[in-house]
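All chains are named by letter (A, B, ...) in the order of the sequence lines, taking the proteins before the strands, and each is independently numbered beginning at 1.
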Amino acid sequence: MVSVSQAQRTFCKKCGKHQPHKVTQYKKVKDSVYTQGKRRCDGKQSGYGQTKPMFRKKAKTTKKVLLRLECVEPNCRSKRMLAIKRCKHSALGGDKKRKRTK
Amino acid sequence: MAVAVSRQGTVAGYGMVAQDTVEAGELLFAVPRAALLSPNTCSISALLEREQSALQSQSGWVPLLLALLHELQAPASFWNPYFALWPDLGRLQHPMFWPEDERRRLLQGTGVPEAVEKDLVNIGSEFHSVVLPFMEAHPDLFSPRVRSLELYQQLVALVMAYSFQELLEEDDDEEKEPNSPLMVPAADILNHIANHNANLEFSAECLRMVATQPIPKGHEIFNTYGQMANWQLIHMYGFVEPYPGNTNDTADIQMVTVCEAALQGTKVEAERLLLKERWDFLCQLEMVGEEGAFVIGQEEVITEEELLTTLKVLCMPPEEFREFKDQAGWEDANRDEDGCLPVTDIPKFRASWRQLLRDSVLLTLETYATDLQTDQDLLANKEVHAKLSWREQQALQVRYGQKIILHHLLELTR
């Protein structure tokens, strides 16, 4: 179980400094055969040797979770992607771990 | 045993049938990695590994094909029982085995003849430049009867139709080294339909065929080969799903055809030059290419980003284009709805976009040898249809499915 907070202060490439960012989960378009690899709309490729865009009989059950960080600064709003390790379940804004008091 | 191999497949050949009711998520069977047939597991794996740089080729399939060629002629191959279940190599139904004129005539406009022609050239060239020399250099491993281009071509078709590929790490559209295909006994007996009920999962110890839907007793178990259009199914697998079964069917509109349609709308040289500028800009953005196509599904446009950007850039007023061109490179903050274009949105497009799309569809429909009505009549008339050869029936389904999608677009762009 992985939980990630919905807002995070982190480095913004465009602003050049730490800014608050909004964190959302990147929803990849359904894993259509056509989104495998960049060249999904190439003209009819040779089937001999074809590996993309046609992947064969499917496989993995987990995905790497992708986060989309959006800079909150109104003139900036630049975005970047961050990948976290594979996991079966992840939650955005899940239980916050409380700091232990000594 | 929960499953049984049966000749009751949907295609000529074998299929797998549930012996008892199966629940979604249930394990149907597992294949140990030791049973896989690949360049790494075959009995000449060390040699293939040593020689791998000499066996490099555009397809990347040579090591597997050599593994198959070797094991097929090995008297006591571990995989002999597996080979016994193979289809008759002399009776494969892929269009690459059809006579050239028949293939061209029946599948004109579908894109299949062009793809097959490329295949045949590549097969011949790799056989003569890499495979045959290798076999002749190791005659004790490849008896003379397997040193045949005909057999090689049959094995290529077999690999197209029966092989599996372990999916690589998905790094967000990164171009990864393609994984070499491999053969998975038992799992490759399953046939495919769009509305499938099983799935193959790869793990460290074994490969698992798992039900993805409940399967009633006696029903066939179907794997998925991916979201395949009929043209892809016939090209790579030698079969189609008859209308309306294949919900993954698509029609292509060549990108250059859209450019051509736009060109038709120009009257003076200045307009033509501007069009060229717009097209070159789209190429720079990697939205279009000379060889590419826009792919339209039954419910949505698959290549939504490419199509929307192209319509936008080709139809925008010249002043807007100037400005747009200068600002290129900065990711638009308005990219909310990326990744989804249902065809029902098309009537909402502005008139110029709809017109351009419509003209492109009309040009595309002209590339077929016959119109939709002709194909529709063939399908409707049961007597006439029954007299068609198997190939004619299959080709009809490929053409028909594409034309239906294209005609739907015509309605949406009225």
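The existence of a salt bridge linking E73(A) and K17(A) is excluded, since no basic side-chain nitrogen approaches an acidic carboxylate oxygen closer than 4.0 Å. Using a cutoff of 4.0 Å between basic side-chain nitrogens and carboxylate oxygens, R103(B) and E114(B) are not scored as salt-bridged.
Contacts of L65(B) with chain A are made by side-chain atoms alone, with heavy-atom separations under 4.5 Å and no backbone atom involved. Neither the backbone nor the side chain of T212(B) comes within contact range of chain A; no heavy atoms are under 4.5 Å apart. E117(B) does not touch chain A: none of its heavy atoms, backbone or side chain, sits under 4.5 Å away.
Contact tally against chain A (heavy-atom pairs below 4.5 Å) for V112(B), V288(B), V156(B), V184(B): the top residue is V156(B).
Note on ring orientation: taking the six-membered ring where Trp is involved, the planes of F239(B) and Y237(B) are perpendicular (angle over 60°, cut-offs 30° and 60°). Taking the six-membered ring where tryptophan is involved, the planes of Y152(B) and F127(B) are tilted, since the angle between them lies from 30° to 60°.
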